[in-house]
Amino acid sequence: MNCVVMQTDFGCMPSPMAGVCKIVDKNLEVYPVTYNVENFDIEKAGKNLVEVMPYWKEGTVFVSVVDPGVGTSRRAVVAKTEKGHYIVTPDNGILGVIDKYEKITECRIIDQDINRYHGNEWSEKSDIFHGRDVFAYCGAKLASSKISYEEVGQSYPTEEIVQL
């Protein structure tokens, strides 16, 4: 069984994010990297993932929500690494950090028409809960094989990854 490995800068366990993962697949396991990344410290978030990814099997889905651009037009993406890990995150610089250590081979923009949680009025009206409604939901769908990587959305060149 696959799992979701999650990190945020929320300072506590983001239970709505874990809950959305369980809505997608009640048997999906959700593990923390940390929920205590210093607010908006994208570089630290990238380095955290670089440090833990080698200890997880190929196909593991990492959801990282450290996002000073929440509610803006920054890309919501899933990146695939050379070692077969998936990173579900805003393209806000974190992927640039990770790419220096574990090569990113492809990026896909999350198609929010089909890979966004639409389960209640809160998710329908909000652009600020992307951690729950976009990143956790899409990550859970990918980890539970409800969608393939190709079904995440349109691919874009890795040369366009945002750098810090």
Side-chain angles (χ1 to χ4, degrees), residues 2-10 14 16-18 20-21 24 28 30-31 33-35 37 39-53 56 58-118 123 126-164:
N2 285 327
C3 60
V4 173
V5 181
M6 198 176 299
Q7 84 171 343
T8 72
D9 59 354
F10 301 169
M17 291 172 65
V20 165
C21 290
V24 170
L28 195 61
V30 180
Y31 297 96
V33 173
T34 182
Y35 305 120
V37 175
N39 283 348
F40 309 134
D41 191 343
I42 296 165
E43 184 172 16
K44 179 63 176 163
K47 288 180 179 177
N48 284 347
L49 291 184
V50 167
E51 290 175 8
V52 302
M53 284 192 294
W56 291 89
E58 180 180 345
T60 298
V61 175
F62 295 87
V63 173
S64 180
V65 184
V66 177
D67 189 15
V70 67
T72 68
S73 61
R74 51 77 184 120
R75 290 175 170 156
V77 304
V78 181
K80 185 176 182 182
T81 70
E82 192 170 59
K83 294 180 182 174
H85 296 117
Y86 298 97
I87 305 155
V88 185
T89 190
D91 187 1
N92 61 9
I94 189 172
L95 296 175
V97 173
I98 293 167
D99 190 51
K100 292 177 185 175
Y101 302 93
E102 186 169 336
K103 181 78 176 143
I104 294 174
T105 59
E106 188 176 358
C107 292
R108 293 189 171 271
I109 300 168
I110 297 171
D111 181 341
Q112 293 187 38
D113 290 334
I114 56 174
N115 292 316
R116 178 188 173 117
Y117 181 65
H118 294 288
S123 57
S126 176
D127 282 331
I128 61 168
F129 294 108
H130 286 169
R132 176 193 66 209
D133 299 335
V134 178
F135 301 114
Y137 183 72
C138 184
K141 285 179 70 176
L142 185 60
S144 64
S145 300
K146 305 260 177 172
I147 60 170
S148 67
Y149 179 63
E150 293 71 26
E151 292 172 302
V152 165
Q154 177 183 354
S155 103
Y156 70 98
T158 56
E159 297 79 33
E160 293 181 16
I161 291 172
V162 173
Q163 302 294 320
L164 286 181

Can you tell me how far the [atom1] atom of [X] sits from the [atom2] atom of [Y], to the nearest 0.5 Å?
X	Y	atom1	atom2	result
Glu159	Cys107	CD	SG	9.5 Å
Asn115	Ile147	CG	CD1	4.0 Å
Arg116	Phe129	CZ	CZ	11.0 Å
Thr105	Lys83	OG1	NZ	12.5 Å
Leu142	Thr60	CG	OG1	10.5 Å
Thr89	Ile94	OG1	CD1	4.5 Å

Can you list the residues that meet the side chain to side chain donor-acceptor pair (under 3.5 Å) rule with Ser64, with sequence neighbours excluded?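 Ser64 satisfies side chain to side chain donor-acceptor pair (under 3.5 Å) with Gln7 only.
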
Within a strict 4.5 Å, meaning less than it, do heavy atoms of the Val24 and Tyr117 side chains meet?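 With C-beta onward as the side chain, the pair stays apart.
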
Answer whether the closest heavy-atom distance between the side chains of Leu95 and Ile87 falls below 4.5 Å.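 Heavy-atom side-chain distance check passes, below 4.5 Å.
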
Residues that Glu106 engages under salt bridge (Lys or Arg N to Asp or Glu O under 4.0 Å), provided they are two or more places apart: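 Expected list: Arg108.
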
Check salt bridge (Lys or Arg N to Asp or Glu O under 4.0 Å) between Glu160 and all other residues, then give those that pass, not counting sequence neighbours.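 Listed in chain order: Arg75.
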
Are Lys47 and Glu43 ion-paired here, with the side-chain N under 4.0 Å from a carboxylate O?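 A salt bridge is present here (some side-chain N lies under 4.0 Å from a carboxylate O).
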
For [X] versus [Y], what's the shortest heavy-atom pair and its separation?
X	Y	result
Asp67	Pro90	CG-CG, 3.5 Å
Met6	Ala18	CE-N, 4.5 Å
Val33	Asn48	CG1-CB, 4.2 Å
Gly93	Ile42	C-CG2, 3.6 Å
Leu28	Cys3	CD1-CA, 4.1 Å
Asn92	Val66	ND2-O, 3.0 Å

Test side-chain contact (heavy atoms from CB on, under 4.5 Å) on Tyr101 and Met53; report intermediate values, then the result. CA-CA 11 Å; Tyr101 302 93; Met53 284 192 294; over 6 Å; no

Tell me whether the rings of His130 and Phe135 are parallel (<30°), tilted (30 to 60°) or perpendicular (>60°).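 His130 and Phe135: perpendicular rings.
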
For a side-chain contact (heavy atoms from CB on, under 4.5 Å) check, start with the C-alpha distance between Val88 and Ile110, then their side-chain angles and the critical distance, and finish with the verdict. CA-CA 9 Å; Val88 185; Ile110 297 171; 4.0 Å; yes

Partner residues of Tyr149 under the ring pair (Phe, Tyr, Trp, His ring centres under 6.0 Å) criterion, sequence neighbours left out: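 With neighbours one apart ignored, the set is Tyr86.
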
Excluding sequence neighbours, so at least two apart, what forms ring pair (Phe, Tyr, Trp, His ring centres under 6.0 Å) with Tyr31?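 Checked Tyr31 against ring pair (Phe, Tyr, Trp, His ring centres under 6.0 Å); matches are Trp56.
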
Counting only heavy atoms from other residues, nucleotides and ligands, does the tally under 6.0 Å from CD of Glu58 exceed 12?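 Incorrect, the count does not exceed 12.
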
Take Met17 and Val65 through the side-chain contact (heavy atoms from CB on, under 4.5 Å) test and state the conclusion after the steps. CA-CA 10 Å; Met17 291 172 65; Val65 184; 3.8 Å; yes

Applying side-chain contact (heavy atoms from CB on, under 4.5 Å), can you list everything that pairs with Val162, at least two apart in sequence or on another chain?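 side-chain contact (heavy atoms from CB on, under 4.5 Å) list for Val162, sorted by chain: Asp91.
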
Test side-chain contact (heavy atoms from CB on, under 4.5 Å) applied to Leu164 and Val97, step by step: CA-CA 8 Å; Leu164 286 181; Val97 173; 3.6 Å; yes

